[in-house]
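Report on the structure given below.
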There are 2 protein chains.
Amino acid sequence: MNTDSTPPDNDFGQNADESAYAQLRSMLASGILQPGAWLREKTLAERIGVSRTPIREALNRLAAEGLVEISRNKGAQVVSFTAGDIADLYDVRAGFEPHAALLSVPRLTEEDVERLGLLAQQMEDAVQAGRHSELSALNGAFHGIFVEQCGNRHLSIALRAILRPTMVAHTFMSYTPEELKRSMQHHAELVAAAKARDGEWAEAVMRVHILAAKNAVVTANSNP
Amino acid sequence: MNTDSTPPDNDFGQNADESAYAQLRSMLASGILQPGAWLREKTLAERIGVSRTPIREALNRLAAEGLVEISRNKGAQVVSFTAGDIADLYDVRAGFEPHAALLSVPRLTEEDVERLGLLAQQMEDAVQAGRHSELSALNGAFHGIFVEQCGNRHLSIALRAILRPTMVAHTFMSYTPEELKRSMQHHAELVAAAKARDGEWAEAVMRVHILAAKNAVVTANSNP
DNA sequence: CACCTTAATATTGCATACAACCACAATTTC
DNA sequence: GAAATTGTGGTTGTATGCAATATTAAGGTG
């Protein structure tokens, strides 16, 4: 029943539900859907090639995750953060993400470390090639590894909630070349700390990384 | 279309959607739905007096909030935490929640403080009357005030995610009378600190409160 | 008797139809 | 001419039907 207009655009998942969620999320991360933009159920359904039902489920999920906002009978729109919101975001991350790094690094598997290295490299490549819109998703995956492996289920949940908004804030867009370079160096150093299985080192680097990021974003937004 | 079997059981919200969510959540908080229990869409739909659609939306929302777990093609069940999970939960709360108290207390309105006092009183009354099943919801509302008013949107979101599981863990059930009394005293002292608009005091009491709660829950689960 | 196969049943996944609602514009009324 | 009102197009909210999948039970086979 969905084989008419387009061959199901491209399949992120096998189920309509997962597919809708994955594609919407990817659109949010890449910036195709700008903050404040309306997300019309019918439009999205046609674009993704499923009915409105899985779209609604995906939107609800994204709303629960804080990536979109739903107004009753009006629809969903991409969240848009104020500069203050984003500063707050980094405050919370500075408080808790280093701790997650401390906990997770000794627990990382070989594959985790390998994946961290790969992601860091991919971000580096994206910067070189000027494909900055890819950075949000890659960075989310990178930090996600520390968050997921910290061994405290609830800390993971809380940090996941904190990390997700960065995906739609497109913070990298406002970095200067120098700040970008510094951020990439931090990633490389986090990989090194992970390779060395040195949790304290990772914790320290993570704190530096986040405070530097906060500065980059705050200064960019305060003097336009 | 729902006026046949029962006069809509009792209306928590005006919309089917909100109503389903509110009622399910209330059932979870009160313990009517035990951890591990299956949540059948059809059964719930009939019980609440709406169709399966709003039930599904509510279940998805609850799943995103971590109160139920959905297995594809199998259905949803109430989350059940291990003793270790619950200990982890209190570790995270001990880290985050005192800070939220510090931030929120100076920002509380008169009504907020009044409401805190009322909730503390209601919990006291519930303890006296032995209606322990009501405590989870009341306690969630009490702590929720500090969380919501902390002024940092993202800290609120993260703490909301942390606070919710306590609602289904029914931790008060395992408190000794002495521990219950102590917990109630902490609540009263939090109200006092809020009245005095002393954030640091509230922060300190909150830390005490959570660490004591952790001890109560951990010792109860470790020697059965 | 144990084990595999197969049929029946229950439950979820998804699509679709219709109703309720909102926003905005054209029209009427003062 | 301004304000209130009604109409209309579009969007979301909810119910329902059918298809797909999992679970259970029964039956057959080694």
Side-chain angles (χ1 to χ4, degrees), chain A residues 1-25 27 33-34 36-64 67-79, chain B residues 1-25 27 33-34 36-64 67-79:
Chain A
M1 203 50 84
N2 63 6
T3 60
D4 43 2
S5 58
T6 58
D9 239 341
N10 50 359
D11 31 19
F12 274 69
Q14 45 287 67
N15 328 310
D17 207 343
E18 276 298 318
S19 169
Y21 173 75
Q23 292 199 42
L24 277 177
R25 188 161 162 162
M27 290 186 206
L33 303 172
Q34 297 265 329
W38 286 100
L39 302 168
R40 297 294 167 205
E41 296 179 359
K42 194 181 170 190
T43 311
L44 295 172
E46 285 164 359
R47 183 161 182 180
I48 295 181
V50 296
S51 85
R52 275 178 52 214
T53 308
I55 297 289
R56 281 179 68 84
E57 297 208 349
L59 288 175
N60 279 320
R61 193 167 158 190
L62 291 167
L67 297 186
V68 309
E69 278 172 342
I70 296 181
S71 326
R72 187 172 178 81
N73 287 320
K74 289 198 56 180
Q77 47 188 334
V78 185
V79 289
Chain B
M1 204 48 88
N2 64 5
T3 60
D4 44 0
S5 57
T6 58
D9 240 342
N10 51 358
D11 31 19
F12 274 68
Q14 45 286 65
N15 328 309
D17 205 344
E18 276 297 318
S19 170
Y21 173 75
Q23 291 199 42
L24 277 177
R25 188 161 162 164
M27 290 186 207
L33 303 172
Q34 297 264 329
W38 286 100
L39 301 168
R40 296 296 167 203
E41 295 178 0
K42 194 181 170 191
T43 311
L44 295 171
E46 285 164 0
R47 182 162 181 178
I48 294 181
V50 297
S51 84
R52 276 177 52 214
T53 308
I55 297 288
R56 282 178 68 84
E57 297 210 348
L59 287 177
N60 278 320
R61 192 166 158 192
L62 291 167
L67 296 187
V68 309
E69 278 171 342
I70 295 181
S71 325
R72 186 173 181 81
N73 287 321
K74 289 196 57 180
Q77 47 189 333
V78 185
V79 288

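Predicted, not measured: the structure shown is a model, and the values here were computed from it. Proteins come first, then strands; the chains are lettered A, B, ... in the order of their sequence lines, and each starts at number 1.
- Protein atom CG of B:Asp17 is 13 Å distant from nucleotide atom C1' of D:dA15, rounded to whole Å.
- Between A:Thr53 and the phosphate of C:dC14, there is no side-chain N or O to OP1/OP2 separation shorter than 4.0 Å.
- Considering all non-hydrogen atoms of both residues, B:Val68 and B:Leu59 come closest at CG2-O, 3.7 Å.
- For the OP1/OP2 pair of C:dG13 and a distance below 4.0 Å, the side-chain nitrogens and oxygens of B:Arg56 include at least one atom meeting the criterion.
- Using a 4.0 Å heavy-atom distance criterion, B:Leu39 is classed as a sugar-phosphate-only contact.
- Atom-to-atom, CH2 of B:Trp38 to P of C:dT12 comes out at 9 Å; the value is rounded to the nearest Å.
- Minimum heavy-atom separation, B:Ile48 to B:Gln23: CG2-NE2, 3.8 Å.
- Regarding B:Ile55, its CD1 atom lies at a distance of 18 Å from the P atom of C:dC14, rounded to whole Å.
- Atom CG in A:Asn15 sits about 12 Å away from atom C1' in C:dT12, given to the nearest Å.
- Comparing D:dT21, C:dC22, C:dT16 by their closest approach to the side chain of B:Asn73 singles out D:dT21.
- Phosphate proximity of C:dT12 to B:Arg52: absent, as no side-chain N or O sits under 4.0 Å from OP1 or OP2.
- For the pair B:Lys42 NZ and C:dT9 P, the interatomic distance rounds to 14 Å; values are reported in whole Å.
- For the pair B:Arg61 and B:Glu18, the salt-bridge criterion is met [side-chain N within less than 4.0 Å of a carboxylate O].
- Rounded to an integer number of Å, the gap from CD of B:Glu41 to P of D:dA22 is 15 Å.
- Close to C:dC21, at under 4.0 Å from its OP1 or OP2, lies no side-chain N or O of A:Lys74.
- Nearest-nucleotide assignment on DNA chain C puts the 5′-proximal partner with B:Thr43, out of B:Thr43 and A:Glu57.
- Computed from coordinates, the B:Tyr21 OH to D:dG13 C1' distance equals 19 Å when rounded to whole Å.
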